There are 2 protein chains.
Amino acid sequence: MSETLSHKEALQHSGLKNTKQRSAILNILEKATQPLNADQIYLALVTEKVAINLSTVYRVLNTLAEKELIIKTSSVSDNKALFERNDFKHQHHLVCVECKEIILVDECPFEEYEKKLNEKIGFTILGHQLEIYGICDKCQKRIEEENKRSI
Amino acid sequence: MSETLSHKEALQHSGLKNTKQRSAILNILEKATQPLNADQIYLALVTEKVAINLSTVYRVLNTLAEKELIIKTSSVSDNKALFERNDFKHQHHLVCVECKEIILVDECPFEEYEKKLNEKIGFTILGHQLEIYGICDKCQKRIEEENKRSI
DNA sequence: CTATCTGCAAAATTTTTGCATGGCA
DNA sequence: TGCCATGCAAAAATTTTGCAGATAG
């Protein structure tokens, strides 16, 4: 399995040992279509008959996030930590405060800004964490509809 | 105090009673230059000699967020719930990873970006949580100096 | 072989809840 | 007055940690 192989390489490259727990967690995140929380990952592993402890899940996730193999974010609705694989594309999350859906966007408004800050105050930006929240198109329309009806 | 008055009106408009705890919390968020978590709000209230219980803070914050008088988000780094007033005038933090100093900047690269996102995918931005990290001018120069000396 | 990793149990932290009392409309 | 809101204490939920035994390199 080439995925497992690349996980092994990724772990080694980060100076981490290639254990079945770590590899299994990377596999889960590989398959996921949206960020998952620790419990969801734990349950997915149990379903796949992977023997693991929830505290190990947390520890592995934090380790992988530190090494930037995965990305740690957090959910607005129930504020649990969320994790997703780092495909090294620079993306940001749009979180709808109504339906809690997460929309991924590739564009980033920072290239410009980073340059400006550096010129202005000499601050060198290494990175940033950005979460944008608002209301998605679908919810906006639903809300408008509801308002019309209630008049 | 006109702020207190508008809080009273805002609460009434949402069908909520105007209690000193709710008003005090709205006041704290009014003054804040960035989203605050429940504990920070509680501490700010205690500092201002407002008698309140932490569970009331949580309850009030959730109620206000439901009525959309405030916005609930969550922090990426320590995933705690964050709260800010709905029409937030914000600043951003530049955190130096060397000396941990925090530099406040007023400029925000989002006005442009928000417009673009709205036109493109209909997403209406209510706010955003941004953590920028890098190296400040001072540390940059110190590091360069150290490197020169070690050659 | 040994430094790192995991499981387990227990603790720490954040948030929620039940119930009796208090206070706004 | 009546209902909504708060305080208090206790519980629930999420995440972290210490330690002893297991395992990858």
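Computed from a prediction, not measured in an experiment: that's the story for all the values here.
Looking only at side-chain heavy atoms (C-beta outward), B:Ile25 and B:Ile70 stay at 4.5 Å or farther from each other. At least one side-chain heavy atom of B:Leu61 sits under 4.5 Å from a side-chain heavy atom of B:Leu29.
Under 4.0 angstrom from either OP1 or OP2 of D:dG7 there lies at least one side-chain N or O belonging to B:Gln21. Between A:Asn62 and D:dT15 there is no side-chain N or O to OP1 or OP2 distance below 4.0 Å. In this structure, A:Lys17 does not reach the D:dG25 phosphate: none of its side-chain N or O atoms is under 4.0 Å from OP1 or OP2.
A heavy-atom distance below 4.0 Å to DNA chain C is reached by these residues of residues 39-58 of chain A, ordered by number: A:Ala51, A:Ile52, A:Asn53, A:Ser55, A:Thr56.
Distance NZ (A:Lys72) to C1' (D:dT16): 10 Å, rounded to an integer number of Å. Whole-Å rounding puts the A:Lys80 NZ to D:dA12 C1' distance at 12 Å. Rounded to an integer number of Å, the gap from A:Lys20 NZ to D:dA22 C1' is 10 Å. Rounded to whole angstrom, the span from the CZ atom of A:Arg59 across to the C1' atom of C:dA11 amounts to 13 Å. When the P atom of C:dC5 is taken as reference, atom CD of A:Gln12 falls 13 Å away, rounded to whole Å. One can place CG of A:Leu16 at 12 Å from C1' of D:dA24, the figure rounded to the nearest angstrom. Distance B:Lys67 NZ to D:dA5 C1': 14 Å, rounded to the nearest Å.
Between the side chain of B:Glu119 and the backbone N or O of B:Lys116 there is no donor-acceptor pair closer than 3.5 Å. Between the side chain of A:Asn18 and the backbone N or O of A:Leu11, no donor-acceptor pair lies under 3.5 Å.
The hydrophobic clustering, which links ILVMFWY residues whose side-chain heavy atoms are closer than 4.5 Å, places B:Leu43 and B:Ile52 apart. Follow the hydrophobic side-chain contacts under 4.5 Å out from B:Leu82 and you never reach B:Leu54; the two are in separate clusters.
Test A:Gln12, A:Glu30, A:Arg22 against A:His7 for side chain to side chain donor-acceptor pair (under 3.5 Å) and you get one pass: A:Glu30.
Within the 4.0 angstrom heavy-atom criterion, no nucleotide atom of any strand lies near B:Asn37.
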